[in-house]
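Because the structure is a prediction, the values reported are computed rather than measured. Atoms within each ligand, like the ligands themselves, are counted from 1 in listed order.
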Amino acid sequence: MNANREQWGSKIGFILAAAGSAVGLGNIWKFPYLVGENGGAAFIFLYLICVLLVGLPVVIAEILIGRTGQKNPVGSFRDLSKGNPFWIGVGVLGVITGFLILSYYNVIAGWSLGYVIESIKGSFQNLENPLAAGELFKTLSSMPQWTLLFHGLFMILTISIIYAGVTKGIERASKIMMPALLFLVIVLVVRGVTLPGARAGVHYLLKIDFSQITGKTIFLALGQAFFSLSLGMGALLTYGSYMSKKESIPDSAVNIVILDTLIAILAGFMIFPALFAMGMNPAQGPSLIFNILPVVFNSIPAGYFFRIIFFLLLTVAALTSTISLLEVITTFTVDEFNIPRKKAAVLLGFTVFVIGIPNAMSFCGWQNVRIFGLTWFDFVDFISANIFLPLGGIFIALFVGWFWGIKKAVPHLLEGTTNLPPFLVSTWTIIVRFVAPVLILIIFLSSIGLI
Ligand code: TRP
């Protein structure tokens, strides 16, 4: 036990912080547009299978490494592998992935904050169709001063929470923001499903059309499960390192996964019924919430008010996720280089802001700077989310299943649990050793075009 390490003040504190990390732009921005482009209920069905079959067991494995190692990703892998350079490398990969994801995630988070301000200013009041909203989105995101201002402001918000520490910062913020978020989502779902004509949208989300399922949908669903659960780069590992051995990991993991999945599905129910009620096409791609929603709210009674709530919700969700990303690289720096936490938080936050500038500029002036044909933003998104996360997931499963080994892992897993049925432990063992690595490998190879 590492006596100097901070610990969560309560079990619910850990669950809300980890769920806060998981619930983010992935749930409210990405999940709905993936559903809209990939067959509605059929995609949701596949997503649920991926979360249950691969997501939950690997979430448990990742938290377990952190709680047992009691350190950042690099330190935990180093201690548990007795200094094996390969596994240290896996930890390093996680920290680098944290840097990369935060550097572009924070740009979109900045847009949501910017949209709160624009909504309050009434900038969307007179937009008549999605085309006009799309134009406005292009105008705003292509103004360096607008994009960089909110990128910077959002980073300052993130730094200030990490600066305050684990319990006083992350835990306290999550305990306030997560209930607020759930409340805002429910307000918007009720608004959406009670609109005249909303029924078609509800139908779209519930009626599975199996003919919509293809290899690509399965691949997208698994990738989304990883991204949405914050899985594969050491964020859950780091949060797990602040967890007490008196608490049950499987229990907490189930709660985190349920909250994350529930909010993704509710996000569907707050967007599609309203979209169908307005007679719009759900297959809009990544700009769905920025182009379509501002207009949707114009046709809704009290739309001005609900639009502010919506973008506020997006901002809050993004903030509990950006703090988890900054926390990973901060603890790494504190543990490994003995730099005080506050200093590390400010320095690293500033560095990520700078690394993030090319991501922001990918929308304003640097559209033609291409790496393998992708803009800088798309490139960073692709290598971190589609390559590094699944790779990290495979390594986590292999580490727990084979290298550190089930024999050593299970006693640590059982700490804090009461009466965990043995068949659940054996199911988890089989998934971590065989099912998860094989499935992720298939997804991984197909995402880089090898199969
Ligand atoms: N899960 C978050 C979302 O859905 C994003 C996120 C936060 C994340 N921390 C992460 C993704 C770590 C991958 C790894 O928006």
Worksheet, complete the sentence: Per-atom filter on ligand 1: closer than 4.0 angstrom to a heavy atom of Ser324 are 7 (C), 9 (N)
Worksheet entry | Sidechain N-carboxylate O distance under 4.0 Å for Glu62, Arg67 | no
Worksheet item: So which protein heavy atom does atom 15 (O) of ligand 1 come closest to, and at what separation?
Response: Tyr105 OH, 2.4 Å
Worksheet item: Considering all heavy atoms of both residues, which atom of Trp111 and which atom of Trp146 are nearest to each other, and what is their separation?
Response: CD1-CZ3, 3.5 Å
Practice prompt. Examine distances only and state if a side-chain atom of His151 and a backbone atom of Phe353 form a donor-acceptor pair shorter than 3.5 Å.
Written response: yes
Item to complete: Please verify whether a non-hydrogen atom of Trp29 lies at under 4.0 Å from ligand 1.
Response: no
Practice prompt. Check for a donor-acceptor pair, side chain of Tyr204 on one end and backbone N or O of Gly36 on the other, with a separation under 3.5 Å.
Written response: yes
Practice prompt. Specify the protein heavy atom at minimum distance from atom 11 (C) of ligand 1: its residue, its atom name, and the distance to 0.1 Å.
Written response: Phe227 O, 3.3 Å
Worksheet item: Hey, what's the ring geometry for Phe403 with Phe399, parallel, tilted or perpendicular (30° and 60° as the breaks)?
Response: parallel
Item to complete: Specify side chain, backbone, both or neither for Ile101, according to which of its non-hydrogen atoms lie closer than 4.0 Å to ligand 1.
Response: side chain
Discussion item. Judged on heavy-atom distance to atom 4 (O) of ligand 1, which of Ala22, Ser321, Ser21 sits nearest?
Written reply: Ala22
Worksheet entry | Protein contact to atom 7 (C) of ligand 1 [nearest heavy atom, distance to 0.1 Å] | Ser230 OG, 3.4 Å
Worksheet item: Hey, does Gly26 come in under 3.5 Å of ligand 1, counting only N/O atoms on both sides?
Response: yes
Worksheet, complete the sentence: Atoms of ligand 1 under 4.0 Å from any heavy atom of Ser228, numbered from 1 in the order shown, are 1 (N), 4 (O)
Practice prompt. Check each of Arg5, Lys71, Arg341 against Asp335 using the salt bridge (Lys or Arg N to Asp or Glu O under 4.0 Å) test, and report the only one that passes.
Written response: Arg5
Worksheet entry | Region of Thr322 that comes within reach of ligand 1 [heavy atoms, distance under 4.0 Å] | neither
Item to complete: Evaluate the criterion ring pair (Phe, Tyr, Trp, His ring centres under 6.0 Å) for residue pair Phe363 and Trp376; output intermediate values, then yes/no.
Response: CA-CA 10 Å; Phe363 300 88; Trp376 183 256; over 10 Å; no
Discussion item. Distance under 4.0 Å to a non-hydrogen atom of Met233: what atoms of ligand 1 satisfy this?
Written reply: 12 (C), 14 (C)
Worksheet item: Can you list the ligand 1 atoms lying under 4.0 Å from a non-hydrogen atom of Leu25?
Response: 15 (O)
Discussion item. Can you tell whether the side chains of Arg307 and Glu118 come within less than 4.0 Å, N to carboxylate O?
Written reply: no
